[in-house]
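Note on naming: letters A, B, ... go to the chains in the order of the sequence lines (proteins, then strands), and numbering restarts at 1 for each one. Keep in mind the model is a prediction, meaning the values are calculated, not measured.
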Amino acid sequence: MSRNITLNINGAQHTVDVEDRMLLSDAIREKAGLTGTHVACEHGVCGACTILLDGEAVRSCLMFTVQAAGHEITTVEGIAPAPGELSVVQRAMQDNHGLQCGFCTPGIVTSLTAYLRDFPNASDDELKEALSGNLCRCTGYMGIINAARQAQKEIQGSAK
Amino acid sequence: MSGQAAGRYVGQSIKRKEDPRLLTGQGRYVDDVQLPNMAHVAFVRSNIARGKITNLDISEALQVPGVIAIYTGDDLNPYIKEYWHTMGGPRPALDDPSGAHPPASVLAPGDVRFVGDPIAMVIAENRYVAEDAAEMVIVDIDVEEPIIGLDMAVAHPEMKVHHELNKNFSGIMPYMEVPPVDEMMASAPHVVTRRFKQARATNVPMEPRGIIVKHDRGANEITIWSATQNAHEVRSFCARLIGFPAQRIRAIAGDVGGGFGQKMMVSRDEAAMMIAGYLLGDRPIKWIEDRRESLIAANQAREEWVDVTMAVTPEGDIMGCRVNFLEDVGAYPPGAGGGAGMSAGMFPGPYKMPVVIPQGTSYFTNTCGKAPYRGPWMMETVAREQMMDHVAAEIGIDPIEFRRRNIIHQSDLPYTTCTTLVYDVVTPEETLDQAMEMLDLAKFRAEQEKARAEGRLLGLGVGVYIEPSAIAFGILSSDQANVRMDENGKVLVALSSGSHGHSIETTMPQVIAEHLGCDIDDIIIMQGDTASAPIGPGTGGSRTAVIVGGACQTAAGKLKAKILEIAAHTLEANVDDLEVNDSVVSVKGTPAKQLPFAQIAAMAYMMPEMLPEGMEMGLEVSARYKPAGSFTYSNATHVCTVEVDPKTGMVKILRYIVSEDCGQMINPMVVEGQIAGGVVQGIGGVLFEHMIYDKDGNPLATTFLDYLVPTAPEIPDIEYGHIQTMSNSLGGYKGMGEGGAIVSPPTVANAIHDAVKHLGVHPTDFPLGPSQIRDLLVHAGAAV
Ligand code: FES
Ligand code: FES
């Protein structure tokens, strides 16, 4: 069965024709053409495919596209405040060498963005724990953890 | 001892140029390439480790709407013209006594030889349909007894994975009788023998393998997009494989999501895609591996045993070693697949060993093939560094003192090892000193003692090694940079490098900007497309900083020389009196007399009358660099402290210290990133990762829930110390891409050993997960 649904991604409407079984990650990549969302396991383990669904970090490989109709989706392409700029988290990732090959990166950026918004005062251990749902094979996590620390400081600073 | 001062760019932690693209979802990985009319591939793979295919029925699958074609071994294998990788060279004869490559096939040739062996490929309108149809292909297999694990391969030399061959090994270094050494060993005061085992692991790039093949019959051209470390090899392998003119094949690697060696050589599945794409014609086909395939059928590594016998004097001077390297290369490694030969050469590492007699065998088994994984020869360091601790314990001296007694000093350089390697500029002793200073040994020993009194187990591990970086022989010998300044004074650089996360778009512009005198933002790098990239071996063997860096430095120098010549002519000055700052040439002491690069570039392309007599127009140079030696040696000492929970066997890493010497650092931030990545992969190989097979040959780790790669909470903050001694390669650079992964496993293992050795526990086998450690403690009667 396939049907026409409208996805709201990064503030734009995409009307797509999808089979009921099509994964949201595939629809975002192939139907909406937003290839920043990466697929690295399709088991819900690696976190590379993480998007924000109504602001919550979710794994797009664990959802069917049809379930996303009517919700607001934010992908890594929609995180920066404006084209050519970087968000606090994205800048912290660059400043701290939080990425090498970049394949896990979109999932890290989306996950951290949601986590630091909700838990700006998380402890260092909680920060690391929050990152445990995102696998990275290149960085050894050092750069990512340092990026999280920097972004957290900035977010705390701007809240004051 | 420390090197040249950092330059304006070289030696600075410049933020990466590739990051804004990758952070905003604008990378271009192979799966992001969507071509019109593209079809999608799913493989049918064997669930049986070994057996004859008695029935292969594709008729029902062909009926699935949307299926375009289904190919089996009978369809594709006959198209194989030649099957070998440039790095490994042509195939030895089937009866060559010294080794073998697996027989050439891209899909199972009537029988299956490991679980994951590709049997058929389904090509369909989309991936969903291809997978549906793949499920409907009927395969009956007459199961035969497989060879699983080194135990069985060693015990049954008469069994063969490949019936086409007259042996079951891909490489062999036979036992050598050396009477003087054997006599020495027989009469040595102390002779210690151990067998160290590494557990099978796999590279696990976060981006699995993927390839698109497009055969344009009209133009008689093949274009391949591939997640590869080496686009040129994809092109030349494909040309040989199907006998297609190499100049009519273009291979493109865009962004590549990690590889760590796995994407260095074309694999069988990719070769199947090349033949299928060629046959199908006119419709591009795409295959993106899923994670299960990646875990069971992309290549694996590290299943190795090393037997070491070491003779020592009572004072702790190493007298000599016999070492036997046994490795499992699976069924279909690319080429011979083994690392034992290189391991043998590197075994002495940072120590003065009067003699090392190596032997080794690389066995075929009915498992996934072995391929390079970050430091493919690293079993030498894994064995040697654990052996140092075991021998020290046996003869009753401190393992750090034992190392110091045998380590190579500055006064020994240049030092020729008994395996004939010549170390010119290395600092093993200095990194050991620095690491110890960072640790504060006395303080740790006091803590350890106090903890022990409380029933807690703390341990300290040390690992020292020398890395043969910038491996430069055969196709790996050289790299090239083509540097073009355009008519606006901007710089376009085509490199033979291949990036899969190496920060090349940042580090190589640092080298060029430093030596050309331009702004780093005026430089753009092109790599990974055979239509524009100079010939080279891509990434591998920790080569980029040294060899590509050398090419960039030479090319920048050549270009600068031409720019200065033009400027000298126009400014009526001597070249020697000119200086370059921020893309402006000026006369020293007369800053008013100056010419910006943009103006010089305009002259070079558009104003022949402004050029010196006889000068060729344009501003484009190329340089190919080969380092003087076959290796550029770097070195490091790693130190790790752990706490072992005597109840659960859990290991917690408390501190991890790295002191390393990679010569002139181009970008310290990138250096530390490479170290961290390697260290954590190595930690994973000891504590978490195990690609385990049952006795029937079924892989038991087929998802990320079973194959455990380290995650953020398990990682301590890594502490870095740097010693910079200039190598004899251009720029003083030394490679360091693999070292982190090479020496971290024995360092962690030694720390665990140190925590439990007073209980009579002396671990030798990886993995050292909680259950293994708990078992060792129970066995020693030391469990609580
Ligand atoms: S691809 Fe969705 S969690 Fe891995
Ligand atoms: S940067 Fe490569 S997997 Fe994280």
With respect to chain A, which residue among [options] yields the maximal number of heavy-atom pairs within a distance under 4.5 Å?
options                       : answer
B:R21, B:E714, B:Q681, B:H502 : B:Q681
B:D19, B:I715, B:L22, B:V680  : B:D19
B:Q26, B:E289, B:R291, B:H500 : B:R291

Open item on the list: Is it the case that the ring center of A:H43 lies less than 6.0 angstrom away from the ring center of B:F704?
Closed with: no

Side chain from CB out, backbone as N, CA, C, O: work out which of these in [X] comes under 4.5 Å of a heavy atom of chain A, or both, or neither.
X      : answer
B:V679 : neither
B:N203 : backbone
B:E672 : neither
B:S503 : side chain

Would you mind checking which part of [X] comes under 4.5 Å of any heavy atom in chain B, side chain (CB onward), backbone (N, CA, C, O), both or neither?
X      : value
A:L135 : both
A:I108 : neither
A:S132 : both
A:E42  : side chain
A:V76  : both
A:D26  : side chain
A:I145 : side chain
A:Y141 : side chain

Could you tell me which of [options] has the largest number of non-hydrogen atom pairs under 4.5 Å with chain B?
options                    : result
A:K128, A:E129, A:Q94      : A:Q94
A:E77, A:R91, A:H97, A:M22 : A:H97
A:V39, A:V89, A:D95        : A:D95
A:C101, A:G140, A:G36      : A:C101

Open item on the list: Quick test of your reading of the model: are A:R3 and A:E19 salt-bridged, counting only N-O distances below 4.0 Å?
Closed with: no

Task: Residues B:R655, B:D717: salt bridge by 4.0 Å N-O rule - done: no

TODO: Assess A:R21 against B:Y128: is NZ or CZ under 6.0 Å from the centre of the six-membered ring, and within 45 degrees of the ring's axis?
DONE: no

Less than 4.5 Å apart, side chain to side chain, heavy atoms only: is that true for [X] and [Y]?
X      : Y      : value
A:V18  : A:V66  : yes
B:D706 : B:L700 : no
B:H722 : B:E660 : yes

Provide the closest heavy-atom pair for [X] versus [Y] in the form atom of the first, atom of the second, distance.
X      : Y     : result
B:A130 : B:V41 : CB-C, 4.3 Å
B:Q34  : B:M38 : CA-CE, 3.9 Å
B:T506 : B:K17 : OG1-N, 2.8 Å

- [ ] Count the heavy atoms belonging to other residues, nucleotides or ligands that lie under 6.0 Å from CZ of B:R292, then report whether that count exceeds 12.
- [x] no

